[in-house]
Amino acid sequence: MRCALAKSGIIQKWNLMSSSYDKFYGHSIKTHEEMDAWIGLFSDLIPKKGMDVLDIGCGTGEMSILLAQLGHHVTGIDLAEKMLQVANNKTKKKGLNVKFVKGDAEDPPFDSNEFDVIVTRHLFWTLLQPEKAVKCWKRILKNNGKIIIIDGVYYDLSLKGKILLSISDILIFLIDRKKPQRGYSKEINSILPNLGGMPLKKAKNYLDLEDFKNIQVVNLENIIKIEKKTMPLRKRLAFRKEYYAICGLK
Ligand SMILES: C[S@@+](CC[C@H](N)C(=O)[O-])C[C@H]1O[C@@H](n2cnc3c(N)ncnc32)[C@H](O)[C@@H]1O
């Protein structure tokens, strides 16, 4: 399947999901406890105020908004216009100023050396060319700028994990009358290198390939635990196996 065709399928899905996305578990921040955990993480990882931060694949802007609230100058990019519209509306309601731009993570529309920090959350699984993306991100980071990737492994494919996933799927089907859909069409799924998530080792490898320095890893098990508190059992059963933030300097 050609890249352009796959990308239009990806955009279509996110435009369709835009109005319901924030209701899903594990995306929008649901409690004060979770908000405090994210604030703590970003305050540690970006200690200086007023940084030029780019949130790549920003979706409905949950991280962009948080970063703006922490006093940074934030730009968010995403391929799906309707996700950006939701992000824009949320930001305006909070009286914040974030610049949202339609753009491709694999060819971001920015000059070299523009940003102090790049943040990206839950994006790698849906990138067709993650190596190309990381290369571009290094170009648009300032020297000594920081990349922060928040990601993980979404499905545990051990025997126990598979059993729990099947039970979770059956319960969701019975209670919500929904057939769980993972990713996109079969054709698009088959060409995504990180469908189902990205183990930490692989994330580190992407950063090593572009020679990012001072690699730092933060385990985000605490955020998984907090998020699980608000979830019904059928969702909790098979929710995320591994979750981390990995950072590097240009
Ligand atoms: C799982 S959502 C994550 C949204 C947000 N980062 C968050 O953490 O809530 C993935 C987002 O990536 C966007 N996306 C997918 N491929 C992209 C690409 N090549 N360039 C920019 N955005 C992309 C989708 O439109 C969607 O908004």
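In this text, all values refer to a predicted model and were calculated from it rather than measured experimentally. Order of listing sets the numbers, starting from 1, for every ligand and every atom in it.
Atom NZ of K49 sits in a crowded spot, with more than 12 heavy atoms from other residues, nucleotides or ligands closer than 6.0 Å. Counted within 6.0 Å of NZ on K202, heavy atoms from surrounding residues, nucleotides or ligands total more than 12; the atom is thus considered enclosed.
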What's the verdict on side-chain contact (heavy atoms from CB on, under 4.5 Å) for L84 and C58, showing C-alpha distance, side-chain angles and the deciding distance?
CA-CA 8 Å; L84 291 173; C58 62; 3.6 Å; yes
Could you walk me through whether S168 and L171 pass side-chain contact (heavy atoms from CB on, under 4.5 Å), step by step?
CA-CA 5 Å; S168 166; L171 289 175; 5.9 Å; no
side-chain contact (heavy atoms from CB on, under 4.5 Å) evaluation trace for K93 with N89
CA-CA 6 Å; K93 268 193 196 152; N89 292 340; 5.7 Å; no
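Those atoms of ligand 1 that come under 4.0 Å of a heavy atom in D104, given as number and element, are 18 (C), 19 (N), 20 (N). The atoms of ligand 1 that sit less than 4.0 Å from any heavy atom of A105 are 18 (C), 19 (N), 20 (N), 21 (C). The contact set between ligand 1 and T126, taken as ligand atoms under 4.0 Å from a residue heavy atom, comprises 15 (C). Heavy-atom contacts of G59 reach the following atoms of ligand 1: 4 (C), 27 (O) (cutoff under 4.0 Å). Using a 4.0 Å cut-off to heavy atoms of G103, the atoms of ligand 1 that qualify are 20 (N), 21 (C).
Rounding to the nearest 0.5 Å gives a distance of 9.5 Å between CH2 of W38 and CD1 of I226.
Protein heavy atom at the shortest distance from atom 6 (N) of ligand 1 is G57 O, 2.7 Å. For atom 12 (O) of ligand 1, the closest heavy atom belonging to the protein is L123 CD1, 3.3 Å. Distance from atom 22 (N) of ligand 1 to its nearest protein heavy atom, with residue and atom name: L79 N, 3.3 Å. Among all protein heavy atoms, the one lying closest to atom 3 (C) of ligand 1 is Y21 OH, 3.3 Å.
Ligand 1 lies within reach of D78, whose nearest heavy atom is under 4.0 Å from it. Residue-ligand proximity: A133 is placed with every non-hydrogen atom at 4.0 Å or more from ligand 1. Taking 4.0 Å as the cut-off, M83 counts as a neighbour of ligand 1 on heavy-atom distance. Within the 4.0 Å heavy-atom cutoff, H122 counts among the residues contacting ligand 1.
Partner of W137 under the ring-ring contact (aromatic ring centres under 6.0 Å, His included) criterion, chosen from F212, F124, Y206: F124. When each of K138, K135, K204 is tested with E210 by the rule salt bridge (Lys or Arg N to Asp or Glu O under 4.0 Å), just one qualifies, namely K135.
Close placement of the Y243 and H122 rings is indicated, their centers lying within 6.0 Å of each other.
For K7, no nitrogen or oxygen atom sits less than 3.5 Å from a nitrogen or oxygen atom of ligand 1, counting backbone and side chain alike. Ligand 1 has no N or O atom lying under 3.5 Å from any N or O atom of H27, backbone or side chain.
In the hydrophobic clustering of this structure, L195 does not group with L123; members are Ile, Leu, Val, Met, Phe, Trp, Tyr whose side-chain heavy atoms approach within less than 4.5 Å, directly or through other members.
Under a cutoff of 6.0 Å and an axis angle of 45°, K235 and Y25 do not form a cation-pi pair.
Contacts with ligand 1 closer than 4.0 Å are made by no heavy atom of S28, backbone or side chain.
Nearest-heavy-atom check against atom 8 (O) of ligand 1 across K13, R121, E106, K102 picks out R121.
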